[in-house]
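Some notes on the structure that comes next.
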2 protein chains.
Amino acid sequence: MAELTESVSRLIEELTKLPGIGRKSAERITYHLLRVSREEALALSEAIRTVKENVRHCTICYNLAEDELCSICRDASRDRSLLCVVEQPRDLIAIEQTGLYRGLYHVLLGRLSPLDGVTPDQLTISDLVRRVKEGGIREVIMATNPTVEGDGTCLYISNQLADLDVTITRLARGITPGSVIEFANPEVLADAFAGRRRL
Amino acid sequence: MAELTESVSRLIEELTKLPGIGRKSAERITYHLLRVSREEALALSEAIRTVKENVRHCTICYNLAEDELCSICRDASRDRSLLCVVEQPRDLIAIEQTGLYRGLYHVLLGRLSPLDGVTPDQLTISDLVRRVKEGGIREVIMATNPTVEGDGTCLYISNQLADLDVTITRLARGITPGSVIEFANPEVLADAFAGRRRL
C-alpha cells in the first residue's frame with residue numbers, strides 16, 4: 001500500500017498545512033513540482049526560505065520590512081502628522097494600492113479577540129500610544145475591519161488615546177459602490193443611515 | 001505603491017505558478033508563511049528541495065522512486081508475470097490503494113497527444129516493448145485513462161505488442177457503481193452495452 005515515496009508523502013503533508021489547500025490540491029501541486037524543472041521547484045523553495053530569513057517587522061510601524069524601517073517609514077515625502085491604524089500588513093497594502101493616502105501607518109498585528117485569547121498586550125497598542133505621546137501626530141485614522149472584533153479594537157484604542165491631543169477618526173462606512181440596496185445587510189443600511197450626508 | 005517587500009512579492013509570484021493557485025490564494029499562503037514559526041515554513045521549503053533532490057524514476061518501470069528501483073519492482077512478493085500499464089505515477093497509486101492488484105507496473109509518463117506534440121518517443125513505450133520482449137510476462141493490462149488520448153495510446157501500444165507472445169487486456173468500462181443510468185453519457189452506455197456479461 002501507499003506507493004508514494006517518503007519525500008513525496010512528506011511534501012504532500014506539508015502542503016496540506018497551508019490555508020485553502022486540501023489533500024487533492026496538495027497532491028496536484030506535488031505532481032506539478034515533480035514535473036517542472038529543478039530550477040523552477042527550487043525557486044519556490046528558496047522564495048519561502050528567503051521570506052522567512054529576510055522579512056521582519058518595521059521597528060516603528062510593524063509593517064513588513066527587509067531592513068530596520070519599512071519603505072513607508074523611510075519615505076521622507078510622507079505626511080508624518082497622519083497615522084492610519086490597521087490590523088495587518090495586508091490591510092496597509094490594500095490602502096496603499098488606492099494611492100490616496102500619504103501619511104504613515106501603525107500595524108496592530110491582529111485585533112482584540114477575548115474569545116481567542118487575544119488581549120491588548122499581544123498587539124502593538126502600547127507602541128501606538130507611545131508614538132502618539134511623542135507628539136507630531138495630528139490625526140489617527142482607525143482603519144480596523146468593520147467587524148465586531150475590529151470595532152472593539154477601534155473602541156479600545158480610542159479610549160487609550162482619549163486624553164492625548166490628537167484627533168481620532170474612523171473610515172466611513174455605508175453602502176458600497178456597485179452594490180444594490182435591496183440586498184444590503186441591515187448593519188450596512190444602519191451604518192449608511194447613521195453616516196448620511198447633506199448633498 | 002506596492003508596499004510589499006521584494007522577497008514577499010517574489011514568493012507570491014512563485015506561488016501563482018502552482019496549479020489551482022491564483023493571486024489571492026498566493027497572498028493568503030504568503031501571509032500564512034510569514035505568520036507561522038520559522039521551523040514550519042522551512043519544513044515546507046526543505047520538503048520541496050528534498051523531493052527534487054531525492055525523487056527520480058524507477059529504472060525499470062518509471063514509477064517514482066528514491067533509489068534505482070521503486071518499492072514495487074523491489075518487492076519479491078509481486079507477481080512478475082503481470083504488467084499493468086498506466087499513464088502517470090498517480091494512476092499507479094490509485095490502483096495500489098485498491099489493494100487488489102499484485103503484479104508489476106509500467107508508467108508511460110504521459111499519453112500520446114499529437115495536438116500537443118506528444119509522440120511515442122517522448123513516452124516510455126520502447127522500454128515497455130523491451131520488457132515484454134525479454135519474456136516472463138504473461139499479461140499486459142492496459143490501464144490508460146478512458147479518454148480519446150488514453151484510448152489512442154492504448155491502441156498504439158497494443159499494435160506494438162501484437163506480434164509478441166503476450167495477452168493484452170484493457171480495464172473494463174461501463175456504468176459506475178452508485179451512478180444512475182438516466183444521467184449516464186451515451187459513451188458510457190455504449191461501453192456498458194458492448195461489455196455486457198451473462199448473469
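Proteins get letters first, then strands, A, B, ... in listed order; numbering begins at 1 in each. Keep in mind it's a predicted model, so treat the numbers as computed, not measured.
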Surrounding [atom1] of [X] (heavy atoms of other residues, nucleotides or ligands, distance under 6.0 Å), is the total greater than 12?
{"X": "A:R111", "atom1": "CZ", "answer": "yes"}
{"X": "B:I175", "atom1": "CD1", "answer": "no"}
{"X": "B:K133", "atom1": "NZ", "answer": "no"}
{"X": "A:D121", "atom1": "CG", "answer": "yes"}
{"X": "B:E139", "atom1": "CD", "answer": "yes"}
{"X": "B:D165", "atom1": "CG", "answer": "no"}

Does any backbone or side-chain atom of [X] lie under 4.5 Å from a heavy atom of chain A? Answer side chain, backbone, both or neither.
{"X": "B:I12", "result": "neither"}
{"X": "B:E27", "result": "neither"}
{"X": "B:S9", "result": "neither"}
{"X": "B:V8", "result": "both"}
{"X": "B:E40", "result": "both"}

How far apart are the closest heavy atoms of [X] and [Y], and which atoms are they?
{"X": "A:E14", "Y": "B:A47", "value": "CG-CB, 4.0 Å"}
{"X": "A:P19", "Y": "B:H32", "value": "CD-CG, 3.4 Å"}
{"X": "A:I48", "Y": "B:A41", "value": "CG2-O, 3.5 Å"}

Do [X] and [Y] share a hydrophobic cluster, counting only Ile, Leu, Val, Met, Phe, Trp and Tyr and linking them when any side-chain heavy atoms are less than 4.5 Å apart?
{"X": "B:L64", "Y": "B:I60", "answer": "no"}
{"X": "A:L128", "Y": "A:L69", "answer": "no"}
{"X": "A:V166", "Y": "A:I125", "answer": "yes"}
{"X": "B:V85", "Y": "B:V118", "answer": "yes"}
{"X": "B:V140", "Y": "B:L155", "answer": "no"}

4.5 Å side-chain heavy-atom contact, [X] and [Y]:
{"X": "B:L11", "Y": "A:T50", "answer": "no"}
{"X": "B:K52", "Y": "A:L33", "answer": "no"}
{"X": "B:R38", "Y": "A:E53", "answer": "yes"}
{"X": "A:R49", "Y": "B:E46", "answer": "yes"}

Supply the atom-to-atom distance [X] [atom1] to [Y] [atom2], rounded to the nearest 0.5 angstrom.
{"X": "B:R10", "Y": "A:N54", "atom1": "CZ", "atom2": "CG", "result": "9.0 Å"}
{"X": "B:L18", "Y": "A:I21", "atom1": "CG", "atom2": "CD1", "result": "8.0 Å"}
{"X": "B:I93", "Y": "A:Y31", "atom1": "CD1", "atom2": "OH", "result": "3.0 Å"}

Query raised in the report: What residue in B:A43, B:P89, B:A65, B:S25 has the most heavy-atom pairs under 4.5 Å with chain A?
Result: B:A43

**Report entry** Option in B:T30, B:L44, B:L109 with maximal non-hydrogen atom pairs under 4.5 Å from chain A
**Finding:** B:L44

Requested in this report: Counting only heavy atoms closer than 4.5 Å, note whether A:E6 contacts chain B via side chain, backbone, both or neither.
Outcome: both

Query raised in the report: Can you tell me if A:S7 uses its side chain to pair, donor with acceptor, with the backbone of B:V51 under 3.5 Å?
Result: no

